Amino acid sequence: MISLEKQHQKGIVLITVMLIFVVAGFLAIQIHENQFYVQRLTMHSVIQDQAKAYLNGAESLAKMAMLEDEKLDEQGSGRKDHEMEAWAEVQSFPIDGGLIEGRIIDMQGRFNLANLQESDAARDVFIRLLEGLGIPSNPQLQPEDLLNAILDWQDEDQELRGIENTEDYYYLGLRSPYRTSGQGLTHLSELNLIKGFSLDDIKTLKPYVAILPVGTPININFVDSVLATALNEEDGASLFDNRPEEGYSLEDATSLSDEQKPKIPYTTFSQFYELRIQVELGGEIVRMRSFLFRPKSITRETPVQVMTRDAANIILNS
């Protein structure tokens, strides 16, 4: 008959063996999970590197498209950029395991916020644009309040332009305090910091505005009906309604009536563009936005230049 002591010892051995199996199983699972994680991390890194190579390639194609457009302009009726040109369409390129999509956006077809610094005419246009878009959404504010908020954000003094407190005194009193910029806008994201602009207001306004060098003219071949109406309070809408399918030529632009002509400097060709690229690869999506400058005459010595480049959660058609 087995003694109680031996039975006790066997029980301990059995429990020990079971614990060893449990620990071994747990370690096996952990090792498998770690291997899977490392594998996924490596795959993600490979996909990111491939996507970046595709993004750079798409950027080079955009530069080539700008050069080709200039050649076509020289062969045609002169320098003119409009919505019907091939470069203005969304382009798709299938790749192994994914897709590249890209779009070049003419930024001179938008209102240049930088012109608010020096031009009363630009300020009037901006007020009309806000009114046409139903901004601000806050019924206690007027479009003039937002204009003054932008101007106070940019100037170096602490004198209020309107009834709203939009100088340092207000911003330093916030839970996360900061000062006004004291210089011209450098990025549209600054609107998020300026008093009076709601997220909905900014979302509505963004497709209509840009930040370009002061004095940059607006390309009337890309303005929509809302912006065209804002450009001239008399008959600016007809600037859009009567626009030829392939846009105004320089000659057409000079023959516009006083009621149609924008109240700010305008042109029919552009030099500033935004390139939006999206790469779908291996179940992942990588996006990039490049800001391009196109010299008036593209040559080997003066090619299309990439001014800025950043990853962004952007939509190609917005």
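Only this structure's heavy atoms are used, side chains among them; waters, hydrogens and symmetry mates stay out. It should be emphasised that the depicted structure is a prediction, and the values quoted were computed from it without experimental measurement.
Asn232 places no side-chain N or O within 3.5 Å of a backbone atom of Lys263 that could act as its donor or acceptor partner. Side chain of Lys80 to main chain of Glu246: a donor-acceptor pair is present (N/O by atom type, distance under 3.5 Å, no hydrogens or angles). At least one donor-acceptor pair under 3.5 Å links the side chain of Lys195 to the backbone N or O of Asn165. Looking at Gln91, its side chain does come within 3.5 Å of a backbone N or O of Ala86 through a donor-acceptor pair. Checked by atom type and distance alone, the side chain of Asp145 pairs as donor or acceptor with a backbone atom of Gln142 at under 3.5 Å. Remark: side-chain polar atoms of Gln271 are paired, donor with acceptor, to backbone N or O of Arg294 under 3.5 angstrom. In this structure a side-chain-to-backbone donor-acceptor pair under 3.5 Å is missing from Asp73 to Glu70. Panel note: side chain Asp69, backbone Ala65; no donor-acceptor pair is recorded below 3.5 Å. In this structure, Ser119 contributes its side chain and Leu116 its backbone to no donor-acceptor pair below 3.5 Å. Proximity of a side-chain donor or acceptor of Gln158 to a complementary backbone N or O of Glu167 within less than 3.5 Å is not detected.
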Dump the intermediate steps for salt bridge (charged side-chain N to carboxylate O under 4.0 Å, His left out) on Asp120 and Arg123, then the final yes or no.
CA-CA 5 Å; Asp120 289 336; Arg123 296 172 188 178; 3.5 Å; yes
Which is it for Leu281 and Ile100 under the side-chain contact (heavy atoms from CB on, under 4.5 Å) test, yes or no, and what are the steps along the way?
CA-CA 9 Å; Leu281 186 64; Ile100 301 175; over 6 Å; no
Would you check, one step at a time, whether the test side-chain contact (heavy atoms from CB on, under 4.5 Å) holds for Asp124 with Glu233?
CA-CA 9 Å; Asp124 292 337; Glu233 70 277 16; over 6 Å; no
Would you check, one step at a time, whether the test side-chain contact (heavy atoms from CB on, under 4.5 Å) holds for Lys52 with Val286?
CA-CA 8 Å; Lys52 288 178 182 177; Val286 182; 5.6 Å; no
With side-chain contact (heavy atoms from CB on, under 4.5 Å) as the test, would you mind laying out the steps for Leu99 and Ser92 before giving the verdict?
CA-CA 7 Å; Leu99 180 71; Ser92 298; 4.3 Å; yes
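Side-chain contact between Trp87 and Met66 is present, with at least one heavy-atom pair separated by less than 4.5 Å. Side-chain contact between Leu188 and Ile202 is absent, with no heavy-atom pair separated by less than 4.5 Å. Tyr248 places a side-chain heavy atom less than 4.5 Å from the side chain of Asn242. Taking 4.5 Å as the limit, every side-chain heavy atom of Thr166 sits out of range of all side-chain heavy atoms of Trp153. Contact of the Gln278 side chain with the Arg103 side chain is not registered, since no non-hydrogen atoms from C-beta on lie closer than 4.5 Å. Arg243 has its side chain out of reach of Ile220: every pair of non-hydrogen atoms, C-beta onward, lies at least 4.5 Å apart. Residues Ile135 and Leu129 have side chains not in contact (no heavy-atom distance under 4.5 Å, counting atoms from C-beta outward). Within the 4.5 Å cutoff, the side chain of Leu231 has heavy atoms near those of the Ile264 side chain.
Looking at Arg110 and Glu274, no side-chain N of the basic residue comes within less than 4.0 Å of a carboxylate O on the acidic one, giving no salt bridge.
Taking each heavy atom of Tyr178 and Ser176 in turn, the nearest pair found is CD2-O, 3.3 Å. Asn112 and Pro213 make their closest contact through ND2-O, 3.1 Å (heavy atoms, listed as atom of the first residue, atom of the second, distance). Across Ser270 and Arg79, no two heavy atoms sit closer than the pair O-NH2, 3.3 Å. Taking each heavy atom of Val223 and Gly109 in turn, the nearest pair found is CG1-O, 3.7 Å.
The aromatic rings of Phe272 and Phe291 lie parallel to each other, with less than 30° between the two planes, well short of the 60° mark.
By the side chain to side chain donor-acceptor pair (under 3.5 Å) test, Thr308 pairs with no residue at all, sequence neighbours left out.
Aromatic ring centroids of Tyr208 and Phe111 lie 6.0 Å or more apart.
Cluster membership for Leu205 and Ile105, using ILVMFWY side-chain heavy atoms within less than 4.5 angstrom, is not shared. Phe126 and Phe240 fall into different hydrophobic clusters, where Ile, Leu, Val, Met, Phe, Trp and Tyr are joined by side-chain heavy atoms under 4.5 Å apart, directly or via other members. If you chain together hydrophobic residues whose side chains sit under 4.5 Å apart, Met307 and Ile211 never meet in one group. Both Leu292 and Leu67 are members of a single hydrophobic cluster when ILVMFWY side chains are connected at heavy-atom separations under 4.5 Å. A chain of hydrophobic side-chain contacts below 4.5 Å, direct or via other Ile, Leu, Val, Met, Phe, Trp or Tyr residues, connects Leu193 to Phe197.
For the residue pair Asp81 and Tyr273, a side-chain donor N or O sits within less than 3.5 Å of a side-chain acceptor on the partner. Checking Glu190 against Thr186 by side-chain atom types alone, a donor-acceptor pair falls below 3.5 Å. Side-chain N/O atoms of Asp201 and Ser137 include a donor and acceptor closer than 3.5 Å. Side-chain polar atoms of Asn219 and Thr267 form no donor-acceptor pair below 3.5 angstrom. The closest side-chain donor-acceptor pair between Ser238 and Asp241, if any, does not fall under 3.5 angstrom.
Atom NE2 in His82 sits 11.5 Å away from atom CG in Asp106 (nearest 0.5 Å). Leu55 CG to Ser60 OG: the interatomic distance, rounded to the nearest 0.5 Å, is 11.0 Å. Summarising the geometry, atom CG belonging to Asp157 is positioned 9.0 Å from atom CG belonging to Leu160; distances are rounded to the nearest 0.5 Å. If you take CD1 on Ile218 and OG1 on Thr268, they are separated by 13.0 Å, rounding to the nearest 0.5 Å. The CG atom of Leu199 lies 11.0 Å from the CG atom of Leu191; values are rounded to the nearest 0.5 Å. Between the CE atom in Met288 and the CG atom in Leu275 there is a gap of 6.5 Å [rounded to 0.5 Å].
Residue Leu239 is tested with Leu227, Leu256, Thr229 for a side chain to side chain contact (heavy atoms under 4.5 Å, CB included); the sole match is Leu256.
Grouped by direct or indirect side-chain proximity (heavy atoms under 4.5 Å, Ile/Leu/Val/Met/Phe/Trp/Tyr only), Leu250 sits with Phe269.
The environment of Glu118 atom CD is sparse: at most 12 non-hydrogen atoms of other residues, nucleotides or ligands sit within 6.0 angstrom.
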